[in-house]
Amino acid sequence: MIPLRVGICIIEYTRMKLTLPKLLEDICDDGSMQFVVIDMNKNLHDQGPFDVIIHKILEWYNQGDDVGNAKLMKLMNYVRSCVPQPKMIDSITETVNLADRFYSMEVMKACEFTMKGIKVFVPRFALLEKTNSENVMDLVNKSGINFPIITKPPVTRCDAEAHDMSIIFSEKNVSDIMSPCVIQEFVNHGSMLYKVAAVGQQMYICERPSVKNLKSGLERTVYFDSMTVSKRNVHNVDLHDKNPQFMKFRTSVSECNVQTLLDEDIVKEILCRITNKIDLTLFGIDIIVEENTGNYGLIDLNYMPSYDGVLTYFAEDLYQKLQHINGERVRNNIDA
């Protein structure tokens with residue numbers, strides 16, 4: 001049987017972080033799959049054909065919109081020209097849609113529910129457009145958003161801009177808000193963030209540091225890169241109440257005691273609702289546990305997270321997905 005040809009269309013920096021394709025090659029010891037790193041600077045037809053393509057094509061936007069647009073169109077045109085078309089992990093269209101932060105938040109909003117007395121919710125949010133004629137406070141009041149307010153870039157396809165955020169503490173400082181942006185009510189959560197990384201319905205939950213509890217008032221606006229508050233080895237003196245470098249953060253996988261982090265049944269239901277809403281395999285959700293209520297707040301949905309701390313589990317589950325695709329290919333060839 002001809003090996004399943006898997007194209008990996010991911011920039012070198014991210015491939016190195018994910019340890020791809022090495023982790024997959026180490027697992028696949030029977031020659032049933034061939035992994036090819038796709039060079040987007042060369043002709044794609046010369047590198048194919050591919051049965052499957054794993055991609056994070058929007059990272060090319062880190063080199064500028066012109067480069068990003070060109071690489072995106074190149075991959076899309078290649079896929080459309082193939083007969084049969086390769087299986088995409090995941091849909092290019094859906095990953096592009098997720099780069100719109102307001103869209104991703106609306107997806108999460110549509111997945112709200114209550115289970116075991118715990119409410120899964122998205123903190124109140126609104127889109128402040130550059131052409132919006134409404135007064136900022138009119139939008140805040142209409143949306144029922146309370147201070148403090150966190151502002152987030154509306155588009156996340158470029159990492160250089162996706163993490164630039166600010167916290168506004170009072171009406172006095174709303175003039176500091178730079179539009180366009182998504183504005184969202186800040187919810188106190190005990191300075192702990194739970195990153196859920198998924199491969200389909202398989203999940204991994206990792207504790208990470210987060211913003212300390214805050215209250216409304218006349219404090220100065222705080223500008224920050226969100227990556228400086230969610231990394232284990234980075235201390236943001238403005239927003240951390242403890243230095244993460246001296247803290248221990250737990251990581252659980254589905255076969256371990258996930259109950260010590262988040263309720264496994266509730267997280268599985270979140271994943272189920274998201275994948276029913278949008279067809280995704282590789283994605284991440286950021287969850288906070290609201291202070292005093294214990295409710296779960298969904299604050300971010302992103303494509304192909306880092307899988308930091310759970311890379312071997314990620315590779316094993318991704319390989320299982322590829323095996324399933326290969327099995328279907330074999331059955332289709334036999335039926336033909």
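Note: hydrogens, waters and symmetry copies are ignored here, and every other heavy atom, side chains too, is used. Along the sequence shown, residues are numbered consecutively beginning with 1.
For the pair Ile89/Lys321, a side-chain contact is recorded, criterion being any heavy-atom separation below 4.5 Å from C-beta on. By the 4.5 Å heavy-atom criterion applied to side chains, Tyr313 and Val199 are not counted as neighbours. Looking only at side-chain heavy atoms (C-beta outward), Pro148 and Lys215 stay at 4.5 Å or farther from each other. Taking the side chain as every heavy atom from C-beta outward, Met192 and Phe249 approach each other to under 4.5 Å. Taking 4.5 Å as the limit, some side-chain heavy atom of Gln323 sits within range of a side-chain heavy atom of Met33.
One hydrophobic cluster holds both Leu282 and Phe35 under the rule that ILVMFWY side chains link at heavy-atom gaps under 4.5 Å. When the side chains of ILVMFWY residues are joined at heavy-atom separations under 4.5 Å, either directly or via intervening members, Val182 and Val187 end up in two distinct hydrophobic clusters. Both Ile53 and Ile57 are members of a single hydrophobic cluster when ILVMFWY side chains are connected at heavy-atom separations under 4.5 Å. The hydrophobic cluster containing Leu193 does not contain Tyr307, counting ILVMFWY residues as joined when their side-chain heavy atoms lie under 4.5 angstrom apart, directly or transitively. Residues Leu318 and Met16 are members of separate hydrophobic clusters, defined by side-chain heavy-atom contacts under 4.5 angstrom among Ile, Leu, Val, Met, Phe, Trp and Tyr.
With hydrogens and angles disregarded, no donor-acceptor distance shorter than 3.5 Å links the side chain of Asp286 to the backbone of Asp300. Side-chain atoms of His240 never come within 3.5 Å of backbone atoms of Asp238 as a donor-acceptor pair (strictly under, hydrogens ignored). Judged by distance alone, the side chain of Ser143 and the main-chain N or O of Leu139 form a donor-acceptor pair under 3.5 Å. Judged by distance alone, the side chain of Arg124 and the main-chain N or O of Asn146 form no donor-acceptor pair under 3.5 Å. Without hydrogens or angle criteria, Gln47 side chain to Asp39 main chain gives a donor-acceptor distance under 3.5 Å. A donor-acceptor pair is defined here as one N or O able to donate and one able to accept, closer than 3.5 Å; no such pair exists between the side chain of Asn173 and the backbone of Asp176. Gln34 places no side-chain N or O within donor-acceptor distance of the main-chain N or O of Leu4, the cut-off being under 3.5 Å. Arg208 places no side-chain N or O within 3.5 Å of a backbone atom of Lys231 that could act as its donor or acceptor partner. With hydrogens and angles ignored, the 3.5 Å screen pairs a side-chain donor or acceptor of Ser91 with a backbone N or O of Thr93. Checking side-chain atoms of Thr14 against main-chain N and O of Ile11 turns up no donor-acceptor pair under 3.5 Å.
Heavy atoms of other residues, nucleotides or ligands lying less than 6.0 angstrom from CD of Glu316 number more than 12. Atom CG of Asn43 is surrounded by more than 12 heavy atoms from other residues, nucleotides or ligands within 6.0 Å. More than 12 heavy atoms of other residues, nucleotides or ligands shown are found within 6.0 angstrom of OH on Tyr223. Within a 6.0 Å sphere centred on CE of Met178, heavy atoms belonging to other residues, nucleotides or ligands number 12 at most.
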With side-chain contact (heavy atoms from CB on, under 4.5 Å) as the criterion, how do Val136 and Glu171 come out once you've worked through the C-alpha distance, each side chain's angles and the decisive distance to 0.1 Å? CA-CA 9 Å; Val136 174; Glu171 181 177 350; over 6 Å; no
Where do Leu98 and Ile278 land on the side-chain contact (heavy atoms from CB on, under 4.5 Å) test, with the steps shown first? CA-CA 10 Å; Leu98 279 182; Ile278 51 177; 4.0 Å; yes
side-chain contact (heavy atoms from CB on, under 4.5 Å) evaluation trace for Ile8 with Arg15: CA-CA 9 Å; Ile8 299 179; Arg15 285 202 322 274; 3.9 Å; yes
side-chain contact (heavy atoms from CB on, under 4.5 Å) between His55 and Ile92, intermediate numbers included: CA-CA 8 Å; His55 75 93; Ile92 296 175; 3.9 Å; yes
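No option in Lys195, Lys17, Arg232 other than Arg232 meets the side-chain hydrogen bond (donor to acceptor under 3.5 Å, both in side chains) test with Asp308. With Cys9 as reference, Leu75 is the one residue of Val37, Leu44, Ile54, Leu75 to meet the side chain to side chain contact (heavy atoms under 4.5 Å, CB included) rule. The residue from Val310, Val196, Ile270, Leu262 that alone fulfils the side chain to side chain contact (heavy atoms under 4.5 Å, CB included) condition with Met203 is Val196. Only one option out of Glu106, Glu185, Lys152 pairs with Phe125 in a side chain to side chain contact (heavy atoms under 4.5 Å, CB included); it is Glu106. Thr151 pairs with exactly one of Leu128, Thr221, Ile168, Asp164 by the side chain to side chain contact (heavy atoms under 4.5 Å, CB included) rule, that one being Ile168. Between Phe50 and the options Val36, Val6, Val79, a side chain to side chain contact (heavy atoms under 4.5 Å, CB included) holds for only Val36.
To the nearest 0.5 Å, atom OG of residue Ser230 and atom CD of residue Glu207 are 14.0 Å apart. How far CG of Leu127 is from OH of Tyr103: 15.5 Å, rounded to the nearest 0.5 Å. In this structure, the separation between CE on Met40 and CG on Leu72 is 8.5 Å, given to the nearest 0.5 Å.
Through ILVMFWY side-chain contacts below 4.5 Å, Val234 is grouped with nothing and stands alone. Under a 4.5 Å side-chain heavy-atom cut-off, the cluster of Ile, Leu, Val, Met, Phe, Trp and Tyr residues that includes Ile150 is completed by Met165, Ile167, Phe169, Phe186, Val211, Leu214, Val222, Phe224, Val229, Leu239.
Ring centers of Tyr296 and Tyr194: at least 6.0 Å apart, outside the cut-off.
For Phe147, the ring pair (Phe, Tyr, Trp, His ring centres under 6.0 Å) test picks out no residue, with sequence neighbours left out.
For the pair Lys22 and Asp26, the salt-bridge criterion is met [side-chain N within less than 4.0 Å of a carboxylate O]. A salt bridge links Glu59 and Lys56; the closest N-O separation between the charged side-chain nitrogens and carboxylate oxygens is under 4.0 Å. Contact check on Lys87 versus Asp51 returns no salt bridge, with no Lys/Arg side-chain nitrogen under 4.0 Å from an Asp/Glu carboxylate oxygen.
In terms of heavy atoms, Cys28 sits closest to Gly31 at SG-N, 4.3 Å. In plain terms, the two heavy atoms of Thr251 and Cys206 that are nearest each other are CG2-SG, 3.5 Å. In terms of heavy atoms, Pro305 sits closest to Gly284 at CD-N, 3.7 Å.
Asn326 and Arg329 form a side-chain donor-acceptor contact under 3.5 Å, judged by distance and modelled atom types alone. Side-chain contact annotation: Asp90 with Thr95, donor-acceptor N/O pair under 3.5 Å absent. Side-chain contact of Tyr204 with Asp317: a donor-acceptor pair under 3.5 Å is present, judged by distance alone. When only modelled atom types and interatomic distance are considered, Ser179 and Glu129 share no side-chain donor-acceptor pair under 3.5 Å. Using modelled atom types and a 3.5 Å distance limit, the side chains of Ser210 and Ser191 yield no donor-acceptor pair. If you check the side chains of Gln320 and His324, you find no donor sitting under 3.5 Å from an acceptor. Side-chain contact annotation: Lys268 with Gln201, donor-acceptor N/O pair under 3.5 Å absent. Side-chain contact annotation: Asn213 with Glu291, donor-acceptor N/O pair under 3.5 Å present.
Using a 30° and 60° split on the angle between ring planes, His45 and Tyr78 fall in the perpendicular class, above 60°.
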